[in-house]
Amino acid sequence: MILARSSPGFVFCILFIISYFTNKYVLSVLKFTYPTLFLGWQTCTGALLLLGTGKLGWVEINGFSRSAALLWLPGSVFFLGNIYAGSKALSILPIPFFFVLQNVSEMVFFIINRVTQRERSSWIKIFSQTLMLISAFIIMLHNPQFGPNGYIWASIHLFCIGSYRVFQKNSKSGLLSDIEQQLINYLVSIFLLASAAHPTGDLFGALEFPFLRSYKFHGGCFASAVFGFLLLLASVKLKSGQSLVQFAIWVLLAKVRCTFKIYKTVPVSLLSCSLTEKYTGLWTVHFHIQHRAQSLNSILHPYKPCWGSTINTF
């Protein structure tokens, strides 16, 4: 029973880690820095797989009206900004740094939601978000070797994430399911990315890519698209069975597991990560785990893990 309840979360964590590793491999190891083509391939593959699985009845895609799709267009623009800026930032920054900066999107969501909806939050939540913001500033101030571009793209990325979440929460197109919203996101992204491929120079620049005919490049692109689609399905499955707080905990655990995996397999010197940023980021993660311990216990009930030993077993 416990394993059955937790298995969607464990599957999500595995797909999350594999998806980030494959994207990082294509972007940073192979250095395929043509986001309009790379993201166009991913979104096109995702749209085709969604339509195909919908035809087979594996996912539920109901017919939605044109007006509902038009109402969702701003969300699709935020989605495109999210994946485009995220791809540019991930190609420059190490994954642990990227995660710490990405967490600041919680602060963006909080500020936009506070301004637009006048919602109040507890002091514990405000304090934890402040810790995340401090961690991000420490990374940017003490690691200028990545240049301003990585941090600028990361800032755009986290702004789009926060804006997308606010729009999704307050959108009037509430009749659309998560799968239908993602399908619209894919279709709009395909059109805009295809339109931008030539003006950005990516279309002809990719012809000079040294690994264009390499099986490693083809395998990396194929894996990134397929695992990204599987991660989408796992996310929808996990959200449908648990609360948003519990889903956020699984995302947090996936990021922590991914970070520890990197530190175990890659020398810290190659990541250019000082002890200060490392432990500041982990302190923030540890605080969030402590803050949400009660919700996580409901996921893994009846086990009551000791948080220090749980982190060390990753």
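Counting from 1, the numbers follow the sequence of the chain as shown.
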Next on the checklist: Is there a continuous path of hydrophobic side-chain contacts, each under 4.5 Å between heavy atoms, that joins Phe97 to Phe137?
Outcome noted: yes

Checklist entry - Name the one of Ser189, Ser87, Ser224 that satisfies side chain to side chain contact (heavy atoms under 4.5 Å, CB included) with Leu39? => result Ser87

Item to check | Matching residue for His157 among Tyr151, Tyr84, Phe98 - test: ring-ring contact (aromatic ring centres under 6.0 Å, His included) | outcome: Phe98

Next on the checklist: Once rounded to the nearest 0.5 Å, what's the spacing between atom CD1 of Ile179 and atom CG of Leu50?
Outcome noted: 5.5 Å

Checklist entry - Is there a side chain to side chain contact (heavy atoms under 4.5 Å, CB included) between Leu80 and Val188 once you walk through the steps? => result CA-CA 8 Å; Leu80 178 58; Val188 173; 5.9 Å; no

Next on the checklist: Parallel, tilted or perpendicular: which one describes the rings of Phe79 and Tyr164, with boundaries at 30° and 60°?
Outcome noted: tilted

Checklist outcome for this item: In this structure, CG of Asn185 is separated from CD1 of Ile190 (nearest 0.5 Å) by 11.0 Å

Next on the checklist: Looking at every non-hydrogen atom in both residues, tell me the closest pair between Ser28 and Ser91 and how far apart they are.
Outcome noted: OG-O, 3.1 Å

Item to check | pair Asn103-Lys255: side-chain heavy atoms closer than 4.5 Å | outcome: yes

Next on the checklist: Classify the ring geometry of Phe211 against Phe209: parallel below 30°, tilted from 30° to 60°, perpendicular beyond 60°.
Outcome noted: perpendicular

Checklist entry - Out of curiosity, Leu93 CG to Phe99 CZ, how far, rounded to the nearest 0.5 Å? => result 12.0 Å

Checklist entry - Are any non-hydrogen side-chain atoms of Phe21 and Ile95 less than 4.5 angstrom apart? => result yes

Checklist entry - Counting heavy atoms not belonging to Phe159, are there more than 12 under 6.0 Å from its CZ? => result no

Next on the checklist: Looking at every non-hydrogen atom in both residues, tell me the closest pair between Met107 and Leu133 and how far apart they are.
Outcome noted: CE-CD2, 4.3 Å

Next on the checklist: Tell me whether Gln181 contacts the main-chain N or O of Trp72 through its side chain, where contact means a donor paired with an acceptor under 3.5 Å.
Outcome noted: no

Item to check | Shared hydrophobic cluster for Trp58 and Val226 (ILVMFWY, side-chain gaps under 4.5 Å) | outcome: no

Checklist entry - Measuring from Ile61:CD1 to Ser177:OG, what's the distance to the nearest 0.5 Å? => result 7.5 Å

Checklist outcome for this item: With Phe247 as partner, the option from Val245, Ile249, Val251 fulfilling side chain to side chain contact (heavy atoms under 4.5 Å, CB included) is Val251

Item to check | Minimum-distance pair of heavy atoms, taken over all atoms of Thr36 and Ala197 | outcome: OG1-CA, 3.6 Å

Checklist entry - Under 4.5 Å between side-chain heavy atoms, hopping through other hydrophobics if needed: is there a path connecting Ile161 to Tyr20? => result no

Checklist entry - Is the NZ atom of Lys239 crowded by more than 12 outside heavy atoms at less than 6.0 Å? => result yes

Next on the checklist: For Ser19, is there any backbone N or O sitting under 3.5 Å from a side-chain donor or acceptor partner on Asn23?
Outcome noted: yes

Item to check | Shared hydrophobic cluster for Phe191 and Leu70 (ILVMFWY, side-chain gaps under 4.5 Å) | outcome: yes

Item to check | Minimum-distance pair of heavy atoms, taken over all atoms of Ala254 and Phe16 | outcome: CB-CD2, 3.6 Å

Next on the checklist: Return the CG to CD distance between Leu233 and Gln182, rounded to the nearest 0.5 Å.
Outcome noted: 10.0 Å

Checklist outcome for this item: Shortest non-hydrogen pair, Ala68 vs Leu176, comes out as O-CD1, 3.8 Å

Checklist entry - Heavy-atom count around His218 NE2 within 6.0 Å, excluding the residue itself: above 12? => result yes

Next on the checklist: Evaluate Phe204 against His198 for side chain to side chain contact (heavy atoms under 4.5 Å, CB included), listing each step before the verdict.
Outcome noted: CA-CA 7 Å; Phe204 294 106; His198 184 268; 3.3 Å; yes

Checklist entry - Going from CG on Asn113 to OG on Ser163, what distance comes out if it is rounded to the nearest 0.5 angstrom? => result 11.0 Å

Checklist entry - Passes side chain to side chain contact (heavy atoms under 4.5 Å, CB included), Tyr34 versus Thr200? Steps please. => result CA-CA 9 Å; Tyr34 305 98; Thr200 57; over 6 Å; no

Checklist entry - Less than 4.5 Å apart, any side-chain heavy atom of Leu232 and any of Tyr186? => result yes

Next on the checklist: Testing the basics here: between Cys258 and Ile17, what is the closest heavy-atom pair and its distance to 0.1 Å?
Outcome noted: CB-CG1, 3.9 Å

Next on the checklist: Using side chain to side chain contact (heavy atoms under 4.5 Å, CB included), reason through Phe227 and Leu230 one step at a time and then give a plain yes or no.
Outcome noted: CA-CA 5 Å; Phe227 283 114; Leu230 294 177; 4.2 Å; yes

Item to check | Leu49-Ile18 co-clustered via ILVMFWY side chain contacts under 4.5 Å | outcome: yes

Checklist entry - Parallel, tilted or perpendicular: which describes the rings of Phe10 and Trp250, with under 30° parallel and over 60° perpendicular? => result perpendicular

Next on the checklist: Just to verify, which of Phe217, Tyr25, Trp41 counts as forming a ring-ring contact (aromatic ring centres under 6.0 Å, His included) with Phe32?
Outcome noted: Phe217

